[in-house]
Amino acid sequence: MRIRKAVLPVAGLGTRILPATKVVPKELLPLVDKPTLQYIVEEAVEAGIEEIIFVTSHSKHAIEDHFDRFSELEQTLERKGKKKELAAVRRPQELAKFMAVRQSEPLGLGHAILCAREAVGDEPFAVLLGDEITPCLPKMLEVFEKYQTSVLALFQTPREQISSYGIASVEEKEPYIYQVKDLVEKPSIEEAPSDLAVAGRYIVTPDIFPILERTKPGRGGEIQFTDALLEQAHQGKCYGIHYTGSRLDMGTPLGLLTTSIELGLQHPEIGPALREYIKGVVQRQR
Ligand code: G1P
């Protein structure tokens, strides 16, 4: 079965980047010339996703507005003959079909996914978390096609970061393809079953919904997505890929800055000037 829909939970309060995120949703903080969330939507669309379901909350209207038409601005740009700007304004809305559901209480990531149940229906779907750019969906989709189970993206993490992630223990089935045996949300180093962390990209089968419905609050008193995936893993229905490609984290002030630099350097127009600027800064610091 093809994966057509992606759930993007964007209801979080963004407390790691205050005060920048006091009134601007963290998902709309800019990276070069686009909001972070647009990169993630583009990543999903490139992997074949056609429908994006945002799980939003109070004070996140601007997210829906970004992926909607803005006719007044479009008309002004059109009248002035600003073709490039007009295309940039229209692009977000043209990327996919968008809808939004609300998470009325911050009860955790698992609860946020459960809020999308009706919008997803009875089909497998992707989940993309908003604070990282990890282009690994194509490989995950291959694994899904073969095993027809939920699929996680796992990456090796340094010991000191283990307690920031869901951590998996696995059995290798093929090179870089694992069956997930155990999952622990944000364990201490002692509790961690390995150093394989779960990235914010998931392919999920719809039997996750009844599991989420009965999932009790876990780590931090929140309904954890990881705990529901663990139940699938215990049923032999959760696989993972070992991802070794690039993963840009923009969920912290430093991450936002380093991701901006990475993307700025890759940008065809500003990349060369930014490279020169960085060289100058480094020289001045010596
Ligand atoms: C969430 C998940 C965690 C996962 C992480 C990836 O945590 O709960 O299992 O490893 O995303 O970024 P969060 O970063 O939302 O606290």
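Order of listing sets the numbers, starting from 1, for every ligand and every atom in it.
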Output the list of atoms in ligand 1 that are nearer than 4.0 Å to some heavy atom of [X], sorted by atom number.
{"X": "Gly166", "answer": "3 (C), 4 (C), 9 (O), 10 (O)"}
{"X": "Val198", "answer": "4 (C), 5 (C), 6 (C), 10 (O)"}
{"X": "Leu129", "answer": "1 (C), 11 (O)"}
{"X": "Glu132", "answer": "6 (C), 12 (O)"}
{"X": "Thr226", "answer": "9 (O)"}
{"X": "Gly200", "answer": "6 (C)"}

### Message
Is there a side-chain contact (heavy atoms from CB on, under 4.5 Å) between Ile203 and Ser150? Walk through the geometry before answering.
### Response
CA-CA 5 Å; Ile203 305 287; Ser150 289; 6.0 Å; no
### Message
Can you tell me which residue among Asp131, Thr15, Thr21, Thr36 is in a side chain to side chain donor-acceptor pair (under 3.5 Å) with Lys26?
### Response
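Of the listed options, the one satisfying the test is Asp131.
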### Query
Does the distance from a Lys or Arg side-chain N to an Asp or Glu carboxylate O, for Lys146 and Glu174, drop under 4.0 Å?
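Result for this pair is yes, salt bridge flagged.
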### Query
Would you call Arg219 and Glu191 a salt bridge, using N to O less than 4.0 angstrom?
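Judged by the 4.0 Å cut-off on N to carboxylate O distance, Arg219 and Glu191 do form a salt bridge.
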### Query
After noting the C-alpha distance and the side-chain angles of Ile278 and Glu276, does the key distance pass the side-chain contact (heavy atoms from CB on, under 4.5 Å) rule?
CA-CA 6 Å; Ile278 292 172; Glu276 284 311 304; over 6 Å; no
### Message
Would you call the rings of Phe98 and Phe54 parallel, tilted or perpendicular, taking 30° and 60° as the class edges?
### Response
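Parallel, since the angle between the ring planes stays under 30°.
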### Query
What do you think, any protein heavy atom under 4.0 angstrom from atom 15 (O) of ligand 1?
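False for atom 15 (O) of ligand 1.
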### Message
For Phe155 and Tyr165, I'd like to know if the aromatic rings sit close, meaning centre-to-centre distance below 6.0 Å.
### Response
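Yes.
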### Test of proximity, Lys186 against ligand 1: N or O pairs below 3.5 Å
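Checking ligand 1 against Lys186, an N or O pair does fall under 3.5 Å apart.
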### Query
Tell me, which protein residue and heavy-atom name are nearest atom 2 (C) of ligand 1, and how many Å apart are they?
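Ranking protein heavy atoms by distance from atom 2 (C) of ligand 1, first comes Glu185 OE2, 3.6 Å.
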